Amino acid sequence: MTDDASKTTADGQTMWGGRFSAKPAELMQAINVSISFDRRLAPQDLAGSRAHCAMLTKAGVISSADGARILEGLDTIEQEMASGAFPFRDEFEDIHMNVEARLKELIGEPAGRLHTARSRNDQVAVDFRLWVREACERSAAQLQALQRALLAKAEVNADTIMPGFTHLQPAQPVTFGHHLMAYVEMFGRDASRFADARARMNESPLGAAALAGSPFPIDRHMTAKALGFDAPTANSLDSVSARDFALEALAAASICSTHLSRLAEEIVLWVTPQFGFIKLTDAFTTGSSIMPQKRNPDAAELVRAKVGRILGSLVSLMTVMKGLPLAYSKDMQEDKQPVFEAFDSLSLALAAMTGMVLDLEPERERMAAAAGAGFSTATDLADWLVRTLNMPFRQAHHITGAAVKRAEGLGVDLPNLPLAELQALDPGITAEVYKVLTPAASVASRTSYGGAAPAQVRAQIKRWKELLP
Ligand code: ARG
(Lines give C-alpha, C1' and ligand atoms only; values in the text may rest on other atoms or scores of the structure.)
Protein backbone atom coordinates (compact mmCIF):
# COMPACT_ATOMS: atom_id res chain seq x y z
CA MET A 1 0.00 0.00 0.00
CA THR A 2 1.35 3.40 -0.89
CA ASP A 3 1.03 6.45 1.31
CA ASP A 4 -1.37 7.89 -1.21
CA ALA A 5 -3.79 5.06 -0.74
CA SER A 6 -4.30 5.94 2.91
CA LYS A 7 -4.58 9.68 2.38
CA THR A 8 -7.92 11.22 2.94
CA THR A 9 -9.26 14.33 1.30
CA ALA A 10 -10.52 17.39 3.15
CA ASP A 11 -14.06 16.07 3.34
CA GLY A 12 -12.85 12.84 4.88
CA GLN A 13 -13.28 10.74 1.72
CA THR A 14 -10.48 8.40 0.70
CA MET A 15 -8.47 8.98 -2.44
CA TRP A 16 -10.66 6.34 -4.11
CA GLY A 17 -13.70 8.56 -4.02
CA GLY A 18 -15.03 6.84 -0.96
CA ARG A 19 -15.70 3.63 -2.82
CA PHE A 20 -12.98 1.62 -1.16
CA SER A 21 -11.37 1.94 2.20
CA ALA A 22 -7.60 1.76 1.93
CA LYS A 23 -7.39 -1.71 3.51
CA PRO A 24 -5.12 -4.01 1.47
CA ALA A 25 -7.68 -6.83 1.45
CA GLU A 26 -10.34 -4.60 0.00
CA LEU A 27 -8.03 -3.08 -2.55
CA MET A 28 -6.90 -6.54 -3.55
CA GLN A 29 -10.46 -7.70 -4.04
CA ALA A 30 -11.32 -4.54 -5.96
CA ILE A 31 -8.54 -4.99 -8.47
CA ASN A 32 -8.79 -8.78 -8.66
CA VAL A 33 -12.52 -9.35 -8.99
CA SER A 34 -13.94 -10.03 -12.45
CA ILE A 35 -17.40 -11.43 -11.76
CA SER A 36 -19.08 -8.15 -12.73
CA PHE A 37 -18.05 -8.73 -16.34
CA ASP A 38 -17.05 -12.38 -16.72
CA ARG A 39 -20.54 -13.47 -15.64
CA ARG A 40 -21.27 -13.15 -19.33
CA LEU A 41 -19.25 -16.34 -19.73
CA ALA A 42 -21.68 -18.30 -17.55
CA PRO A 43 -23.29 -20.33 -20.39
CA GLN A 44 -19.87 -21.22 -21.79
CA ASP A 45 -18.57 -22.07 -18.32
CA LEU A 46 -21.47 -24.45 -17.72
CA ALA A 47 -20.99 -26.09 -21.12
CA GLY A 48 -17.26 -26.57 -20.42
CA SER A 49 -17.98 -28.03 -16.99
CA ARG A 50 -20.59 -30.43 -18.35
CA ALA A 51 -18.20 -31.70 -21.03
CA HIS A 52 -15.39 -32.04 -18.49
CA CYS A 53 -17.64 -33.88 -16.01
CA ALA A 54 -18.90 -36.32 -18.63
CA MET A 55 -15.32 -37.03 -19.71
CA LEU A 56 -14.06 -37.54 -16.12
CA THR A 57 -16.91 -39.99 -15.54
CA LYS A 58 -16.24 -41.92 -18.76
CA ALA A 59 -12.51 -42.05 -18.01
CA GLY A 60 -13.25 -43.41 -14.53
CA VAL A 61 -11.59 -40.43 -12.82
CA ILE A 62 -14.80 -39.72 -10.89
CA SER A 63 -17.65 -42.11 -10.11
CA SER A 64 -20.85 -42.17 -12.15
CA ALA A 65 -22.81 -41.22 -9.03
CA ASP A 66 -20.67 -38.14 -8.44
CA GLY A 67 -20.76 -37.27 -12.13
CA ALA A 68 -24.56 -37.45 -12.13
CA ARG A 69 -24.84 -35.23 -9.06
CA ILE A 70 -22.48 -32.68 -10.54
CA LEU A 71 -24.54 -32.55 -13.75
CA GLU A 72 -27.76 -32.13 -11.72
CA GLY A 73 -26.15 -29.34 -9.74
CA LEU A 74 -25.05 -27.61 -12.94
CA ASP A 75 -28.64 -27.87 -14.24
CA THR A 76 -29.91 -26.21 -11.07
CA ILE A 77 -27.33 -23.44 -11.47
CA GLU A 78 -28.44 -22.90 -15.04
CA GLN A 79 -32.04 -22.53 -13.88
CA GLU A 80 -31.02 -20.16 -11.13
CA MET A 81 -29.17 -18.04 -13.65
CA ALA A 82 -32.15 -18.02 -15.99
CA SER A 83 -34.53 -16.94 -13.23
CA GLY A 84 -32.12 -14.40 -11.78
CA ALA A 85 -31.85 -16.30 -8.50
CA PHE A 86 -28.18 -17.21 -8.87
CA PRO A 87 -26.11 -15.39 -6.25
CA PHE A 88 -23.18 -13.77 -8.07
CA ARG A 89 -20.72 -12.92 -5.29
CA ASP A 90 -17.61 -10.74 -5.40
CA GLU A 91 -15.88 -12.80 -2.73
CA PHE A 92 -15.67 -15.67 -5.19
CA GLU A 93 -13.84 -13.43 -7.64
CA ASP A 94 -14.81 -14.82 -11.03
CA ILE A 95 -17.43 -16.87 -12.85
CA HIS A 96 -15.50 -20.12 -12.43
CA MET A 97 -15.29 -19.90 -8.65
CA ASN A 98 -18.81 -18.56 -8.32
CA VAL A 99 -20.16 -21.62 -10.13
CA GLU A 100 -18.00 -24.01 -8.12
CA ALA A 101 -18.92 -22.39 -4.79
CA ARG A 102 -22.62 -22.56 -5.61
CA LEU A 103 -22.25 -26.17 -6.74
CA LYS A 104 -20.72 -26.99 -3.37
CA GLU A 105 -23.69 -25.38 -1.60
CA LEU A 106 -26.10 -27.35 -3.76
CA ILE A 107 -24.53 -30.84 -3.84
CA GLY A 108 -21.79 -30.86 -1.23
CA GLU A 109 -18.63 -32.93 -1.47
CA PRO A 110 -18.80 -34.17 -5.11
CA ALA A 111 -18.60 -30.52 -6.25
CA GLY A 112 -14.95 -30.53 -5.25
CA ARG A 113 -14.23 -33.37 -7.71
CA LEU A 114 -15.20 -31.37 -10.81
CA HIS A 115 -11.93 -29.46 -10.79
CA THR A 116 -9.85 -32.65 -11.10
CA ALA A 117 -7.49 -32.43 -14.10
CA ARG A 118 -8.55 -28.85 -14.74
CA SER A 119 -7.43 -25.34 -13.82
CA ARG A 120 -9.07 -21.96 -14.16
CA ASN A 121 -6.40 -21.32 -16.77
CA ASP A 122 -7.74 -23.84 -19.27
CA GLN A 123 -11.28 -23.22 -18.03
CA VAL A 124 -11.21 -19.52 -18.89
CA ALA A 125 -9.42 -20.26 -22.16
CA VAL A 126 -12.17 -22.64 -23.26
CA ASP A 127 -14.99 -20.37 -22.06
CA PHE A 128 -13.56 -17.39 -23.87
CA ARG A 129 -12.94 -19.30 -27.08
CA LEU A 130 -16.53 -20.49 -27.06
CA TRP A 131 -17.74 -16.93 -26.54
CA VAL A 132 -15.56 -15.44 -29.29
CA ARG A 133 -16.50 -18.29 -31.63
CA GLU A 134 -20.17 -17.46 -31.18
CA ALA A 135 -19.47 -13.74 -31.62
CA CYS A 136 -17.81 -14.52 -34.96
CA GLU A 137 -20.80 -16.60 -36.05
CA ARG A 138 -23.23 -13.89 -34.99
CA SER A 139 -21.25 -11.19 -36.76
CA ALA A 140 -21.12 -13.20 -39.98
CA ALA A 141 -24.88 -13.81 -39.81
CA GLN A 142 -25.56 -10.11 -39.19
CA LEU A 143 -23.28 -9.18 -42.07
CA GLN A 144 -25.26 -11.45 -44.33
CA ALA A 145 -28.49 -9.78 -43.24
CA LEU A 146 -26.91 -6.42 -44.10
CA GLN A 147 -25.81 -7.77 -47.48
CA ARG A 148 -29.34 -8.95 -48.19
CA ALA A 149 -30.68 -5.48 -47.38
CA LEU A 150 -28.11 -3.91 -49.72
CA LEU A 151 -28.93 -6.42 -52.45
CA ALA A 152 -32.63 -5.60 -52.22
CA LYS A 153 -31.92 -1.86 -52.57
CA ALA A 154 -29.37 -2.45 -55.33
CA GLU A 155 -31.79 -4.55 -57.33
CA VAL A 156 -34.42 -1.80 -57.61
CA ASN A 157 -31.69 0.77 -58.28
CA ALA A 158 -29.58 -1.01 -60.88
CA ASP A 159 -30.55 1.76 -63.35
CA THR A 160 -30.66 4.68 -60.90
CA ILE A 161 -28.00 7.04 -62.26
CA MET A 162 -25.78 8.72 -59.71
CA PRO A 163 -22.42 10.45 -59.87
CA GLY A 164 -19.38 8.34 -59.10
CA PHE A 165 -16.71 10.25 -57.22
CA THR A 166 -12.97 10.28 -56.84
CA HIS A 167 -11.49 12.78 -54.38
CA LEU A 168 -15.18 13.45 -53.63
CA GLN A 169 -15.23 15.28 -56.99
CA PRO A 170 -17.70 14.15 -59.66
CA ALA A 171 -15.75 11.64 -61.76
CA GLN A 172 -17.90 9.37 -63.96
CA PRO A 173 -21.56 8.43 -63.75
CA VAL A 174 -22.39 5.12 -62.05
CA THR A 175 -25.65 3.77 -60.65
CA PHE A 176 -26.89 3.70 -57.08
CA GLY A 177 -27.17 -0.06 -57.39
CA HIS A 178 -23.54 -0.31 -58.42
CA HIS A 179 -22.49 1.86 -55.49
CA LEU A 180 -24.44 -0.24 -52.98
CA MET A 181 -22.99 -3.44 -54.46
CA ALA A 182 -19.50 -2.15 -53.64
CA TYR A 183 -20.49 -2.50 -49.98
CA VAL A 184 -21.90 -5.98 -50.60
CA GLU A 185 -18.38 -6.96 -51.67
CA MET A 186 -16.78 -5.34 -48.60
CA PHE A 187 -19.21 -6.90 -46.15
CA GLY A 188 -18.79 -10.23 -47.91
CA ARG A 189 -15.05 -10.11 -47.22
CA ASP A 190 -15.79 -9.12 -43.62
CA ALA A 191 -18.05 -12.14 -43.19
CA SER A 192 -15.39 -14.41 -44.65
CA ARG A 193 -12.79 -12.93 -42.27
CA PHE A 194 -15.02 -13.92 -39.34
CA ALA A 195 -15.43 -17.38 -40.85
CA ASP A 196 -11.64 -17.73 -41.24
CA ALA A 197 -11.03 -16.58 -37.67
CA ARG A 198 -13.63 -19.03 -36.42
CA ALA A 199 -12.05 -21.92 -38.31
CA ARG A 200 -8.57 -21.13 -36.95
CA MET A 201 -9.70 -20.73 -33.33
CA ASN A 202 -11.78 -23.90 -33.27
CA GLU A 203 -9.47 -26.02 -31.12
CA SER A 204 -10.16 -26.91 -27.52
CA PRO A 205 -7.72 -25.84 -24.79
CA LEU A 206 -9.62 -27.84 -22.16
CA GLY A 207 -7.37 -30.38 -20.44
CA ALA A 208 -4.22 -28.27 -20.72
CA ALA A 209 -4.94 -27.69 -17.02
CA ALA A 210 -2.75 -25.07 -15.35
CA LEU A 211 -0.07 -25.14 -18.05
CA ALA A 212 1.51 -28.57 -18.36
CA GLY A 213 -1.37 -30.96 -18.97
CA SER A 214 -2.66 -33.58 -16.56
CA PRO A 215 -1.46 -36.87 -15.05
CA PHE A 216 -5.06 -38.18 -15.09
CA PRO A 217 -6.23 -40.36 -18.01
CA ILE A 218 -8.30 -37.57 -19.51
CA ASP A 219 -9.70 -37.68 -23.05
CA ARG A 220 -9.20 -34.25 -24.59
CA HIS A 221 -10.58 -35.43 -27.92
CA MET A 222 -13.85 -36.29 -26.21
CA THR A 223 -14.29 -32.86 -24.59
CA ALA A 224 -13.19 -31.12 -27.79
CA LYS A 225 -15.88 -32.98 -29.74
CA ALA A 226 -18.56 -32.38 -27.10
CA LEU A 227 -17.93 -28.62 -27.29
CA GLY A 228 -17.98 -28.51 -31.08
CA PHE A 229 -14.23 -28.04 -31.54
CA ASP A 230 -12.42 -29.67 -34.45
CA ALA A 231 -9.60 -30.98 -32.25
CA PRO A 232 -7.81 -30.37 -28.95
CA THR A 233 -4.99 -27.80 -29.00
CA ALA A 234 -1.61 -29.49 -29.39
CA ASN A 235 0.55 -27.68 -26.82
CA SER A 236 -0.56 -27.19 -23.23
CA LEU A 237 1.45 -23.97 -22.73
CA ASP A 238 0.05 -22.41 -25.87
CA SER A 239 -3.45 -23.56 -24.90
CA VAL A 240 -3.61 -21.40 -21.79
CA SER A 241 -1.49 -18.52 -23.14
CA ALA A 242 -3.05 -17.90 -26.52
CA ARG A 243 -5.39 -15.00 -27.06
CA ASP A 244 -4.62 -14.44 -30.73
CA PHE A 245 -8.04 -15.91 -31.48
CA ALA A 246 -9.56 -12.89 -29.74
CA LEU A 247 -7.12 -10.50 -31.42
CA GLU A 248 -7.99 -11.92 -34.80
CA ALA A 249 -11.71 -11.57 -34.14
CA LEU A 250 -11.13 -7.98 -32.98
CA ALA A 251 -9.08 -7.26 -36.10
CA ALA A 252 -11.92 -8.58 -38.26
CA ALA A 253 -14.36 -6.47 -36.24
CA SER A 254 -12.15 -3.39 -36.65
CA ILE A 255 -11.92 -3.76 -40.42
CA CYS A 256 -15.65 -4.38 -40.60
CA SER A 257 -16.31 -1.26 -38.54
CA THR A 258 -14.21 0.82 -40.95
CA HIS A 259 -16.46 -0.39 -43.77
CA LEU A 260 -19.52 0.48 -41.72
CA SER A 261 -18.09 3.91 -41.00
CA ARG A 262 -17.52 4.58 -44.70
CA LEU A 263 -21.10 3.74 -45.61
CA ALA A 264 -22.31 5.69 -42.58
CA GLU A 265 -20.31 8.71 -43.73
CA GLU A 266 -21.83 8.47 -47.20
CA ILE A 267 -25.30 8.37 -45.68
CA VAL A 268 -24.46 11.45 -43.62
CA LEU A 269 -23.33 13.23 -46.79
CA TRP A 270 -26.18 11.99 -48.96
CA VAL A 271 -28.93 13.22 -46.60
CA THR A 272 -27.54 16.77 -46.47
CA PRO A 273 -29.61 19.30 -48.44
CA GLN A 274 -26.42 20.00 -50.42
CA PHE A 275 -26.27 16.44 -51.75
CA GLY A 276 -29.92 15.53 -51.34
CA PHE A 277 -29.26 12.06 -52.78
CA ILE A 278 -31.34 10.06 -50.29
CA LYS A 279 -34.12 10.40 -47.75
CA LEU A 280 -34.21 8.67 -44.38
CA THR A 281 -37.49 8.46 -42.47
CA ASP A 282 -37.92 9.63 -38.90
CA ALA A 283 -37.06 6.09 -37.85
CA PHE A 284 -33.34 6.81 -38.20
CA THR A 285 -33.15 10.57 -37.81
CA THR A 286 -33.79 12.96 -34.95
CA GLY A 287 -34.96 16.55 -34.77
CA SER A 288 -33.00 19.35 -33.21
CA SER A 289 -34.11 20.79 -29.87
CA ILE A 290 -33.58 24.32 -31.18
CA MET A 291 -33.64 24.29 -35.00
CA PRO A 292 -37.05 23.04 -36.16
CA GLN A 293 -35.96 22.49 -39.76
CA LYS A 294 -33.29 19.93 -38.89
CA ARG A 295 -33.27 16.20 -39.38
CA ASN A 296 -30.06 14.77 -38.13
CA PRO A 297 -28.74 11.36 -39.21
CA ASP A 298 -27.75 10.41 -35.65
CA ALA A 299 -27.83 6.66 -36.23
CA ALA A 300 -25.44 6.96 -39.16
CA GLU A 301 -23.16 9.25 -37.19
CA LEU A 302 -23.04 6.80 -34.29
CA VAL A 303 -22.29 3.89 -36.62
CA ARG A 304 -19.52 6.04 -38.10
CA ALA A 305 -18.12 6.54 -34.60
CA LYS A 306 -18.21 2.94 -33.36
CA VAL A 307 -14.92 2.17 -35.04
CA GLY A 308 -13.33 4.19 -32.22
CA ARG A 309 -14.39 1.73 -29.56
CA ILE A 310 -13.84 -1.32 -31.69
CA LEU A 311 -10.36 -0.45 -32.88
CA GLY A 312 -9.65 0.77 -29.35
CA SER A 313 -10.49 -2.72 -28.08
CA LEU A 314 -8.04 -4.29 -30.51
CA VAL A 315 -5.29 -1.90 -29.45
CA SER A 316 -6.16 -2.51 -25.80
CA LEU A 317 -5.89 -6.30 -25.95
CA MET A 318 -2.89 -6.26 -28.29
CA THR A 319 -1.11 -4.08 -25.74
CA VAL A 320 -2.06 -6.38 -22.86
CA MET A 321 -0.69 -9.41 -24.71
CA LYS A 322 2.54 -7.85 -25.93
CA GLY A 323 5.56 -9.12 -24.06
CA LEU A 324 3.63 -11.48 -21.74
CA PRO A 325 5.81 -14.44 -20.82
CA LEU A 326 4.33 -17.93 -21.06
CA ALA A 327 2.10 -19.29 -19.69
CA TYR A 328 -0.91 -17.66 -17.96
CA SER A 329 -0.59 -14.25 -16.33
CA LYS A 330 -3.37 -12.38 -14.59
CA ASP A 331 -2.95 -9.63 -17.15
CA MET A 332 -5.04 -11.85 -19.39
CA GLN A 333 -8.12 -11.25 -17.27
CA GLU A 334 -8.14 -7.87 -19.02
CA ASP A 335 -9.01 -9.65 -22.29
CA LYS A 336 -12.76 -9.84 -21.75
CA GLN A 337 -14.10 -6.32 -21.44
CA PRO A 338 -12.61 -5.04 -24.71
CA VAL A 339 -13.94 -8.06 -26.57
CA PHE A 340 -17.43 -7.77 -25.06
CA GLU A 341 -17.46 -4.04 -25.74
CA ALA A 342 -16.27 -4.43 -29.32
CA PHE A 343 -18.79 -7.11 -30.23
CA ASP A 344 -21.68 -5.34 -28.48
CA SER A 345 -20.84 -2.23 -30.48
CA LEU A 346 -20.41 -4.12 -33.74
CA SER A 347 -23.65 -5.99 -33.32
CA LEU A 348 -25.58 -2.79 -32.69
CA ALA A 349 -23.86 -1.00 -35.56
CA LEU A 350 -24.63 -3.83 -37.98
CA ALA A 351 -28.27 -3.92 -36.92
CA ALA A 352 -28.64 -0.13 -37.16
CA MET A 353 -26.97 -0.05 -40.57
CA THR A 354 -29.22 -2.82 -41.88
CA GLY A 355 -32.21 -0.82 -40.67
CA MET A 356 -30.97 2.35 -42.36
CA VAL A 357 -30.26 0.60 -45.66
CA LEU A 358 -33.80 -0.76 -45.74
CA ASP A 359 -35.14 2.65 -44.74
CA LEU A 360 -33.30 4.90 -47.17
CA GLU A 361 -34.84 5.96 -50.47
CA PRO A 362 -32.89 7.55 -53.30
CA GLU A 363 -33.90 10.95 -54.69
CA ARG A 364 -33.59 9.79 -58.27
CA GLU A 365 -33.90 13.17 -60.00
CA ARG A 366 -31.33 14.86 -57.77
CA MET A 367 -28.91 12.01 -58.28
CA ALA A 368 -29.38 11.99 -62.05
CA ALA A 369 -28.94 15.77 -62.27
CA ALA A 370 -25.78 15.58 -60.18
CA ALA A 371 -24.51 12.72 -62.35
CA GLY A 372 -24.48 15.03 -65.36
CA ALA A 373 -22.78 17.89 -63.55
CA GLY A 374 -19.06 18.55 -63.46
CA PHE A 375 -18.44 17.36 -67.05
CA SER A 376 -18.75 13.80 -65.81
CA THR A 377 -18.86 12.37 -69.33
CA ALA A 378 -15.55 13.92 -70.39
CA THR A 379 -13.90 10.49 -70.36
CA ASP A 380 -16.65 9.28 -72.70
CA LEU A 381 -15.77 12.04 -75.15
CA ALA A 382 -12.08 11.09 -75.01
CA ASP A 383 -12.93 7.40 -75.46
CA TRP A 384 -15.12 8.30 -78.49
CA LEU A 385 -12.21 10.17 -80.10
CA VAL A 386 -9.98 7.15 -79.56
CA ARG A 387 -12.54 4.66 -80.89
CA THR A 388 -13.98 6.70 -83.80
CA LEU A 389 -11.04 8.80 -84.94
CA ASN A 390 -8.35 6.29 -83.96
CA MET A 391 -6.65 9.00 -81.90
CA PRO A 392 -3.99 8.15 -79.28
CA PHE A 393 -5.62 8.45 -75.83
CA ARG A 394 -3.22 11.16 -74.68
CA GLN A 395 -4.20 13.39 -77.62
CA ALA A 396 -7.90 12.64 -77.04
CA HIS A 397 -7.43 13.58 -73.39
CA HIS A 398 -5.90 16.90 -74.46
CA ILE A 399 -8.72 17.75 -76.90
CA THR A 400 -11.34 16.79 -74.33
CA GLY A 401 -9.65 19.08 -71.80
CA ALA A 402 -9.97 21.90 -74.28
CA ALA A 403 -13.64 21.04 -74.91
CA VAL A 404 -14.36 21.14 -71.16
CA LYS A 405 -12.63 24.48 -70.90
CA ARG A 406 -14.70 25.84 -73.80
CA ALA A 407 -17.94 24.51 -72.30
CA GLU A 408 -17.05 26.03 -68.95
CA GLY A 409 -16.43 29.35 -70.68
CA LEU A 410 -19.81 29.19 -72.43
CA GLY A 411 -21.56 28.07 -69.24
CA VAL A 412 -22.91 24.83 -70.74
CA ASP A 413 -22.35 21.18 -70.04
CA LEU A 414 -20.78 18.82 -72.56
CA PRO A 415 -24.01 17.47 -74.13
CA ASN A 416 -24.97 21.11 -74.90
CA LEU A 417 -21.65 22.23 -76.35
CA PRO A 418 -22.35 23.21 -79.98
CA LEU A 419 -20.91 20.88 -82.63
CA ALA A 420 -19.04 23.79 -84.22
CA GLU A 421 -17.13 24.27 -80.97
CA LEU A 422 -16.11 20.61 -80.96
CA GLN A 423 -15.20 20.68 -84.65
CA ALA A 424 -12.99 23.70 -84.00
CA LEU A 425 -10.94 21.37 -81.81
CA ASP A 426 -10.96 18.51 -84.32
CA PRO A 427 -12.74 18.69 -87.66
CA GLY A 428 -13.32 14.92 -87.61
CA ILE A 429 -15.87 15.16 -84.77
CA THR A 430 -19.48 14.49 -85.89
CA ALA A 431 -22.92 14.78 -84.24
CA GLU A 432 -22.64 11.06 -83.44
CA VAL A 433 -20.52 12.06 -80.46
CA TYR A 434 -23.54 13.39 -78.53
CA LYS A 435 -24.84 9.84 -78.15
CA VAL A 436 -22.07 9.06 -75.68
CA LEU A 437 -22.23 12.30 -73.69
CA THR A 438 -25.29 11.61 -71.51
CA PRO A 439 -24.83 10.01 -68.07
CA ALA A 440 -27.16 7.14 -69.01
CA ALA A 441 -25.12 6.36 -72.14
CA SER A 442 -21.92 6.60 -70.14
CA VAL A 443 -23.13 4.12 -67.53
CA ALA A 444 -24.57 1.76 -70.17
CA SER A 445 -21.20 1.68 -71.92
CA ARG A 446 -19.29 0.39 -68.85
CA THR A 447 -19.87 -3.23 -69.74
CA SER A 448 -16.48 -4.60 -68.66
CA TYR A 449 -16.68 -7.30 -65.98
CA GLY A 450 -17.58 -5.65 -62.66
CA GLY A 451 -18.36 -2.35 -64.40
CA ALA A 452 -21.22 0.06 -63.75
CA ALA A 453 -23.46 -1.03 -66.65
CA PRO A 454 -26.84 -2.16 -65.30
CA ALA A 455 -26.44 -5.59 -66.91
CA GLN A 456 -23.14 -6.08 -65.08
CA VAL A 457 -24.66 -4.94 -61.79
CA ARG A 458 -27.59 -7.30 -62.24
CA ALA A 459 -25.22 -10.18 -62.91
CA GLN A 460 -23.41 -9.46 -59.63
CA ILE A 461 -26.71 -9.20 -57.74
CA LYS A 462 -27.68 -12.60 -59.11
CA ARG A 463 -24.32 -14.10 -58.12
CA TRP A 464 -24.63 -12.80 -54.56
CA LYS A 465 -28.20 -13.99 -54.22
CA GLU A 466 -27.00 -17.49 -55.02
CA LEU A 467 -24.03 -17.20 -52.64
CA LEU A 468 -25.93 -15.92 -49.63
CA PRO A 469 -27.61 -18.48 -47.40
N1 ARG B 1 -10.60 -14.81 -13.89
C2 ARG B 1 -9.41 -15.33 -14.46
C3 ARG B 1 -9.24 -14.73 -15.87
O4 ARG B 1 -10.17 -14.27 -16.39
C5 ARG B 1 -9.48 -16.81 -14.58
C6 ARG B 1 -8.15 -17.48 -14.58
C7 ARG B 1 -7.48 -17.29 -13.29
N8 ARG B 1 -6.30 -18.08 -13.21
C9 ARG B 1 -5.39 -17.91 -12.24
N10 ARG B 1 -4.35 -18.64 -12.29
N11 ARG B 1 -5.55 -17.02 -11.29
O12 ARG B 1 -8.16 -14.72 -16.44
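In listed order, ligands and their atoms are each counted from 1. Sequential numbering from 1 along the given sequence is applied to the chain's residues. What you see is a predicted model; the values in this text were computed from it and never measured.
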* How would you list, by chain and number, every residue that makes a salt bridge (Lys or Arg N to Asp or Glu O under 4.0 Å) with D38, sequence neighbours excluded? -> none
* Side-chain donor-acceptor pair present, R262, H259, cut-off under 3.5 Å -> no
* To do: Please state whether the rings of F165 and F275 are parallel, tilted or perpendicular, taking 30° and 60° as the class boundaries.
  => tilted
* Is any side-chain heavy atom of R304 less than 4.5 Å from a side-chain heavy atom of V268? -> yes
Show me the short polar-atom pairs for ligand 1: any N or O of it lying under 3.5 Å from a protein N or O, with distances only.
residue: ligand 1; atom: 1 (N); partner: D94; partner atom: OD2; Å: 2.9
residue: ligand 1; atom: 1 (N); partner: Q333; partner atom: OE1; Å: 2.8
residue: ligand 1; atom: 4 (O); partner: K336; partner atom: NZ; Å: 2.6
residue: ligand 1; atom: 8 (N); partner: N121; partner atom: OD1; Å: 2.8
residue: ligand 1; atom: 10 (N); partner: N121; partner atom: OD1; Å: 3.0
residue: ligand 1; atom: 11 (N); partner: R120; partner atom: NH2; Å: 3.4
residue: ligand 1; atom: 12 (O); partner: Y328; partner atom: OH; Å: 2.3

* Do R220 and T233 meet the criterion of a side-chain donor-acceptor pair at a distance under 3.5 Å? -> yes
* Asked: Is the closest side-chain heavy-atom distance between E134 and L130 below 4.5 Å?
  -> no
